[in-house]
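Chain identifiers are assigned alphabetically (A, B, ...) following the order of the sequence lines, protein sequences preceding nucleic acid strands; residue numbering begins at 1 within each chain. For the numbers below, each heavy atom of this structure counts, side chains included, while hydrogens, waters and symmetry mates do not. None of these values were measured; they are calculated from a predicted model.
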Amino acid sequence: MASSVVSSLQHAAAAGHRPLATRDADWVRYTLTAVALGFLALFLLLPLVAVFAEAFRRGIGAYFTALNDPDGMHALKLTLLTAAIAVPANLVFGVSAAWCIAKFNFPGKSLLITLIDLPFAVSPVISGLIFVLLFGAQGWLGHYLDAENPALPWLQAWLIEQDFKVIFAVPGIVLATVFVTFPFIARELIPLMQTQGNDEEYAAITLGASGWQTFWRVTLPNIKWGLFYGVILCNARAMGEFGAVSVVSGHIRGQTNTLPLHVEILYNEYQFVAAFAAASILALLALVTLVLKSLVEWAHARRHAADAAS
Amino acid sequence: MSRSHRSVIPGFGLSLGLTITYLSLIVLLPLSAAFIKTLGMTWEEFWTAVGSPRVIASYRISFLASFAAASVNCVFGLIVAWVLVRYPFPGRKIVDALVDLPFALPTAVAGIALTALYAPNGWIGSLLAPYGIKIAFTEIGVFIALTFIGLPFVVRTVQPIIEELEPEFEEASASLGANRWQTIRRVILPQLVPALLTGFAMAFARALGEYGSVVFISGNMPMRTEITPLLIITKLEQYDYKGATAIAVVMLVTSFTLLLLINLLQKWSRRHHAV
């Protein structure tokens, strides 16, 4: 990021007096800029504007009436709850994975990195399906509940007594979300900690710090921006996930609907203003995510530039 | 292992143990469930499930629309990345941040927004309707949604490479008598090819599995605009778990192959760039 800032400054400074052969002609610059901005306006900006335009189509009053809906509030709460479980779980995992991958050498390390990335390669629908296969009525656990000679009779009795449900219930939604957002924080931290190296940790330990002291006082301050960045992205996906959650949720209104699923139901019932009003909350979340993400990037770039200058 | 135990930094056992346990429970065990489920099928059952005409038609639309979307993103993603790095203009930082919108916007929101725009009574759809052009509820709608979600992949893989291009190469090329077009074609583009291919493969892989942004705009007509992920959901709703899982396994094998290809491309890209 620092290099991008420096190089763009160089380009800006040099743009005025560089010879034509290493610089694009003005008409090329203007055409390409127009093409790029036109494409982005058509494909990115317009859909975003459309969300808010459709939400306010019947005026501000109708917008707030649509938002003030108990099922919608419940969906919002479930979405927040899901993110509140999935993000910390993947945060702990991400730090732990980055610690062992960046600080140590061991056989199978590159395989481990590839395996961590796996959920990114899996279609959201399949991410839901695999949990249905494990926990659904037809799945392993479902069979166990129905089994005539269970391996652990007391466990079966207890599970039935508790009315234990994962699929078409909140645990399934959380599990599918954890799966889908699994790599976000780890893959931000691993390359960051690998470039930072071990020197500062060695120094801390040589000076008598314990492992945890080294982590809290030395490593954590060094990775805090990367960590924050990963958390923002992980949270956005956790709150917005649709496909995986759609498979495991069962779409029970007021019970297992997250906000994106609530949007779908309203839309399919032709309640367009209400659907887009709920969607506008998610779009706002996306905008906040983008702003925070840019702020982190700029703060990071400025610190790098300051480091380079000193 | 023996080397790592001599490291003075503590926590290897704890962090590796936690990582592997969590990875196995959340990712590896559930994923293996899909493969184990198909082991219970005979070859014949499996081939009927993954090779029926409706399923083949869904592969076709998923593959072609993803390919077309990734190709368009390659061209426009390259232009966007080039403009963002090389041409300063007011508001560039905001535009740069906006490129990540498809990563941040929930896919269901993108789906209904695109449908509202491209439906025959929408802002864009109503402009095209008089000419008999339909976008929403056709193959073109699927393509539009997949273009939306794939764009950042190309821009974000190509952009850093353009930032790191050494101006010396362009100066050398120019001083040796090349004109600007020759310099772009012979000096700049070849350096960007590995990153472009990586971006293409990432956008393509994401598009193959995409669900939320497509289902609203596609109209979901069997044999025409029914994408493969939707077909999995349809089978699940009919309690055809085996059929759904068999198709899922075909998709998983495809995505893992693509993931491998992307890893190889990235290695090539890094080596290429190091030289």
Side-chain angles (χ1 to χ4, degrees), chain A residues 3-4 7 11-12 21-22 24 29 32-33 35-36 39-40 43-44 46-47 50-51 54 93 96-97 99-100 103-106 115 118-119 121-126 129-131 133-134 138 178-179 182 198 201 205 211 236 240 242-243 247 260 263-264 267 275 279 282-283 286 289-290 294, chain B residues 1 3-4 7-12 15-16 18-19 22-23 26-27 30-31 33-34 37 76 79-80 83 86-89 95 97-98 100-101 104-110 112-114 116-117 147-148 151 163 170-171 174 180 205 209 211-212 229 232-233 241 244 248 251-252 255-256 259:
Chain A
S3 67
S4 82
S7 75
H11 288 304
T22 57
D24 301 319
R29 301 166 63 97
L32 285 184
T33 310
V35 168
F39 183 81
L40 293 178
F43 272 89
L44 300 187
L46 210 52
V51 172
E54 294 287 330
F93 159 75
S96 147
W99 183 267
C100 69
K103 304 288 175 206
F104 303 95
N105 276 316
F106 54 92
L115 289 179
L118 271 190
V122 176
S123 167
V125 170
I126 298 176
L129 169 75
I130 54 180
F131 288 101
L133 292 179
L134 274 183
Q138 302 276 315
V178 170
F179 178 92
F182 182 84
N198 293 348
E201 280 81 5
I205 285 167
F242 177 69
V247 174
V263 169
E264 182 200 20
Y267 187 84
L282 289 168
T289 302
L290 290 184
S294 307
Chain B
M1 283 292 202
R3 252 182 314 150
S4 58
S7 168
V8 289
I9 298 178
F12 177 69
S15 60
L16 186 69
L18 182 68
T19 303
Y22 188 76
L23 176 75
I26 298 288
V27 177
L31 271 180
K37 180 89 179 172
F76 285 95
I79 295 175
V80 169
V83 168
R86 287 292 175 98
Y87 305 154
F89 59 89
V95 174
L98 185 73
D100 281 326
L101 181 72
L105 193 70
T107 53
V109 177
I112 64 171
L114 289 170
L117 284 176
T147 308
F148 172 84
L151 179 71
E163 278 167 359
E170 288 165 62
E171 281 156 21
R180 184 65 186 156
Y211 173 73
I232 294 179
I233 293 214
Y241 287 80
M251 284 190 70
L252 281 176
S255 357
F256 292 164
L259 182 68

Shortest non-hydrogen separation from [X] to [Y] and the atoms involved:
| X | Y | result |
| --- | --- | --- |
| Ala104(B) | Ala286(A) | O-CB, 3.5 Å |
| Ala108(B) | Phe242(A) | CB-CD1, 3.7 Å |
| Thr19(B) | Ser96(A) | OG1-OG, 2.9 Å |
| Val27(B) | Pro119(A) | CG2-CG, 3.8 Å |
| Phe104(A) | Pro10(B) | CZ-O, 3.6 Å |

* Has the side chain of Ser255(B) got a donor or acceptor atom that lies under 3.5 Å from a matching backbone atom of Val122(A)? ->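 Pair absent, no side-chain N/O of Ser255(B) close to backbone of Val122(A).
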Could you grab the distance from atom [atom1] of [X] to atom [atom2] of [Y], nearest 0.5 Å is fine?
| X | Y | atom1 | atom2 | result |
| --- | --- | --- | --- | --- |
| Cys100(A) | Leu18(B) | SG | CG | 9.0 Å |
| Leu129(A) | Met251(B) | CG | CE | 10.5 Å |
| Ser294(A) | Asp100(B) | OG | CG | 7.5 Å |

What part of [X] gets within 4.5 angstrom of chain A, counting heavy atoms only: side chain, backbone, both, or neither?
| X | value |
| --- | --- |
| Ala205(B) | neither |
| Leu259(B) | side chain |
| Ala97(B) | both |
| Ile26(B) | both |

* Is the shortest distance from a Lys or Arg side-chain nitrogen in Asp24(A) or Arg180(B) to a carboxylate oxygen in the other one below 4.0 Å? ->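 Judged by the 4.0 Å cut-off on N to carboxylate O distance, Asp24(A) and Arg180(B) do form a salt bridge.
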* Asked: Are the ring centres of Phe43(A) and Phe148(B) closer than 6.0 Å?
  ->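 Ring centroids of Phe43(A) and Phe148(B) are no less than 6.0 Å from each other.
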For the candidates [options], which exhibits the highest count of non-hydrogen atom pairs separated by less than 4.5 Å from chain A?
| options | answer |
| --- | --- |
| Ala110(B), Pro229(B), Ala34(B), Gly212(B) | Pro229(B) |
| Ala116(B), Gly209(B), Ala244(B) | Gly209(B) |
| Leu114(B), Leu98(B), Thr107(B) | Leu98(B) |

For the candidates [options], which exhibits the highest count of non-hydrogen atom pairs separated by less than 4.5 Å from chain B?
| options | value |
| --- | --- |
| Trp99(A), Tyr267(A), Phe39(A) | Phe39(A) |
| Ile126(A), Leu115(A), Asn198(A) | Ile126(A) |
| Ala275(A), Ala283(A), Pro260(A), Ala97(A) | Ala97(A) |
| Leu118(A), Val263(A), Val247(A) | Leu118(A) |

What part of [X] gets within 4.5 angstrom of chain B, counting heavy atoms only: side chain, backbone, both, or neither?
| X | result |
| --- | --- |
| Thr33(A) | both |
| Phe179(A) | both |
| Leu46(A) | both |
| Leu44(A) | both |
| Glu54(A) | side chain |

* **Full working for side-chain contact (heavy atoms from CB on, under 4.5 Å) between Leu40(A) and Leu151(B)** => CA-CA 9 Å; Leu40(A) 293 178; Leu151(B) 179 71; 3.5 Å; yes
* Step-by-step side-chain contact (heavy atoms from CB on, under 4.5 Å) determination, Phe76(B) to Val35(A) -> CA-CA 8 Å; Phe76(B) 285 95; Val35(A) 168; 3.7 Å; yes
* Evaluate the side-chain proximity of Pro88(B) to Arg29(A): yes if any heavy-atom separation is below 4.5 Å, no if none is. =>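 In contact.
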* Quick one: does Leu23(B)'s side chain get under 4.5 Å of Phe182(A)'s, heavy atoms only? ->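 Of all side-chain heavy-atom pairs linking Phe182(A) with Leu23(B), at least one is under 4.5 Å.
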